[in-house]
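Note sheet for the following structure.
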Amino acid sequence: MSLLQVSQLTASYGVSQALFGVDLDISAGEVVALMGRNGMGKSTTVKAICRMIASTGTLRFAGRDLLDLPSHKTARLGIGLVPEGRRCFGDLTVIENLQAASRPGPWDLARVSQLFPRLGERTRQGARSLSGGEQQMLAIGRALMTNPRLLILDEATEGLAPLIRQEIWAAIGQLKTETDMAILLIDKSVKELAQVSERAVILERGATVWSGRMTDLTPDISQKYVGV
């Protein structure tokens with residue numbers, strides 16, 4: 001049975017419909033890439049899953065119907081989000097950002113610092129003074145401190161220097177091999193997504209148009225739905 005089940009998901013911003021039928025599922029320990037060009041509904045799908053926007057259809061997590069739940073109760077079920085744009089608490093230190101999200105489980109300050117040594121070196125530093133890459137690591141660490149069963153990363157490497165991107169992709173690979181956490185990834189780099197993801201779901205104009213194993217994602221399909 002899938003950990004996350006999404007079927008015929010629809011959502012709107014006021015009178016403007018954004019999702020017209022998104023289908024995806026993720027099992028425990030699986031890494032799935034959510035792909036598509038800009039403006040095709042990826043971030044809106046994430047918002048719907050995390051209950052930041054009203055939606056209709058089927059949306060279940062660990063057997064629970066999420067449609068009537070507020071976002072904070074959805075998070076407590078075990079969905080951790082690394083939002084686009086990082087959104088760290090700039091007035092708090094690194095350790096305060098991490099502690100603010102802490103819930104009981106294997107992910108604690110020591111383990112996050114092991115995954116991202118830069119954070120361990122900067123625990124008393126204000127989040128606003130961190131580099132963009134360090135803030136992204138902090139956003140991931142903060143989500144991990146909730147001890148999620150499903151981790152969602154929305155454009156976690158966007159706009160970062162190549163070396164920092166490599167560090168974050170390495171950390172995602174480590175999460176895949178060393179935990180049973182399910183991961184939903186949104187990113188523009190098909191090459192890196194292919195290295196860590198078992199399956200992909202592609203959105204076009206707010207609906208699922210392709211899903212399958214990454215090994216079945218041909219250059220023609222990628223160019224048709226993902227390429228510029």
Side-chain angles (χ1 to χ4, degrees), residues 3-4 6 22 24-38 40-53 61 71 74-75 77-89 97-98 101 103 105 107 111-112 115-116 118-119 127 130-203 211 214 226:
L3 179 64
L4 176 71
V6 179
V22 173
L24 68 90
D25 64 273
I26 306 175
S27 299
E30 188 177 28
V31 181
V32 175
L34 183 59
M35 304 171 68
R37 294 186 178 92
N38 289 341
M40 293 301 167
K42 303 185 299 297
S43 291
T44 302
T45 298
V46 169
K47 290 179 181 178
I49 293 170
C50 295
R51 308 315 301 143
M52 297 176 184
I53 184 174
F61 179 75
S71 57
T74 301
L77 289 178
I79 298 178
L81 172 63
V82 181
E84 186 177 15
R86 303 162 195 143
R87 302 183 190 178
C88 300
F89 302 120
N97 268 270
L98 296 173
R103 298 189 68 216
W107 284 97
R111 193 170 182 187
V112 168
L115 184 67
F116 294 120
R118 291 169 183 255
L119 297 183
L130 299 176
S131 69
E134 290 163 352
Q135 288 185 21
Q136 188 63 71
M137 294 175 188
L138 180 57
I140 297 172
R142 183 179 59 189
L144 290 172
M145 288 287 286
T146 69
N147 278 283
R149 299 176 66 184
L150 168 64
L151 180 66
I152 302 175
L153 297 105
D154 191 354
E155 301 284 5
T157 68
E158 185 176 23
L160 301 181
L163 286 176
I164 299 296
R165 287 172 55 87
Q166 290 176 16
E167 285 188 47
I168 290 177
W169 282 115
I172 294 171
Q174 191 173 337
L175 292 175
K176 174 184 177 180
T177 58
E178 296 180 3
T179 75
D180 62 354
M181 191 185 306
I183 302 176
L184 179 63
L185 283 174
I186 298 175
D187 202 274
K188 294 182 176 65
S189 177
V190 177
K191 178 182 177 181
E192 276 82 7
L193 287 173
Q195 291 175 351
V196 297
S197 306
E198 286 93 2
R199 293 190 296 113
V201 174
I202 300 178
L203 303 187
S211 63
M214 288 298 295
V226 184

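- Using a 4.5 Å heavy-atom threshold, the side chains of Val112 and Ile140 count as separate.
- Of all non-hydrogen atoms in Leu160 and Ala156, the two that sit nearest each other are CD1-O, 3.6 Å.
- Summarising the geometry, atom CG belonging to Leu184 is positioned 9.0 Å from atom OG1 belonging to Thr45; distances are rounded to the nearest 0.5 Å.
- Under the salt bridge (charged side-chain N to carboxylate O under 4.0 Å, His left out) criterion, the residue pairs touching residues 131-151 are Arg118-Glu134, Arg122-Glu134, with sequence neighbours excluded.
- The backbone N or O of Arg103 sits less than 3.5 Å from a side-chain atom of Asn147, completing a donor-acceptor pair.
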Using side-chain contact (heavy atoms from CB on, under 4.5 Å), reason through Gln136 and Ile168 one step at a time and then give a plain yes or no.
CA-CA 9 Å; Gln136 188 63 71; Ile168 290 177; 3.6 Å; yes
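- Shown here for Val32 and Ser197, the closest heavy-atom pair between the two residues is C-OG, 4.3 Å.
- Within 6.0 Å of CZ in Arg87 there are 12 or fewer heavy atoms belonging to other residues, nucleotides or ligands.
- The distance from atom CG of Asp180 to atom OG of Ser27, rounded to the nearest 0.5 Å, is 12.0 Å.
- Every residue meeting the side-chain hydrogen bond (donor to acceptor under 3.5 Å, both in side chains) condition with Gln174, not counting sequence neighbours, appears here in chain and number order: Glu178.
- Closest approach of Ala28 to Leu3, counting heavy atoms only: N-CB, 4.0 Å.
- A distance of 11.0 Å separates CG in Leu77 from CG in Leu150, rounded to the nearest 0.5 Å.
- Applying the side-chain contact (heavy atoms from CB on, under 4.5 Å) criterion to Glu158, with sequence neighbours excluded, gives Glu84, Glu155, Lys188.
- In this structure a side-chain-to-backbone donor-acceptor pair under 3.5 Å is present from Asn97 to Phe89.
- Gln166 is linked by a side-chain contact (heavy atoms from CB on, under 4.5 Å) to Leu163, counting only residues two or more places apart in sequence or in another chain.
- In this structure Ala171 satisfies the side-chain contact (heavy atoms from CB on, under 4.5 Å) test together with Leu115, Phe116, sequence neighbours excluded.
- Contact record, Ala143 with Val82: CB-CG2, 3.7 Å, taken as the closest heavy-atom pair.
- Closest heavy-atom contact between Ile152 and Cys50: CD1-SG, 4.0 Å.
- In this structure, Val201 and Ser211 have side chains that are in contact, with non-hydrogen atoms separated by less than 4.5 Å.
- Under the 3.5 Å distance criterion, the side-chain polar atoms of Lys42 are matched with a main-chain donor or acceptor of Gly36.
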side-chain contact (heavy atoms from CB on, under 4.5 Å) for Arg51 and Ile79? Distances and angles first, verdict last.
CA-CA 11 Å; Arg51 308 315 301 143; Ile79 298 178; over 6 Å; no
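- Residues Leu144 and Met181 approach most closely at CD2-CE, 3.7 Å, considering heavy atoms.
- With sequence neighbours left out, the side-chain contact (heavy atoms from CB on, under 4.5 Å) criterion links Ala200 to Ala33, Met35, Trp210, Met214.
- In this structure Lys176 satisfies the salt bridge (charged side-chain N to carboxylate O under 4.0 Å, His left out) test together with Glu198, sequence neighbours excluded.
- Under the side-chain hydrogen bond (donor to acceptor under 3.5 Å, both in side chains) criterion, Asp187 pairs with Thr157, not counting sequence neighbours.
- Distance CE/Met137 to OG/Ser131: 7.0 Å, rounded to 0.5 Å.
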Apply the test side-chain contact (heavy atoms from CB on, under 4.5 Å) to residues Leu81 and Thr146: give CA-CA distance (whole Å), side-chain angles for both, the deciding distance (0.1 Å), then the verdict.
CA-CA 9 Å; Leu81 172 63; Thr146 69; over 6 Å; no
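- Listed by chain and residue number, Ser2, Arg199 satisfy the side-chain hydrogen bond (donor to acceptor under 3.5 Å, both in side chains) test with Asp25 (two or more places apart in sequence, or in another chain).
- Residues passing the side-chain hydrogen bond (donor to acceptor under 3.5 Å, both in side chains) test with Thr44 are Tyr13, sequence neighbours excluded.
- Note that CG of Leu185 is 5.5 Å distant from CH2 of Trp169, once rounded to the nearest 0.5 Å.
- Of the inter-residue distances, the one linking Leu98 atom CG with Trp107 atom CH2 reads 11.5 Å to the nearest 0.5 angstrom.
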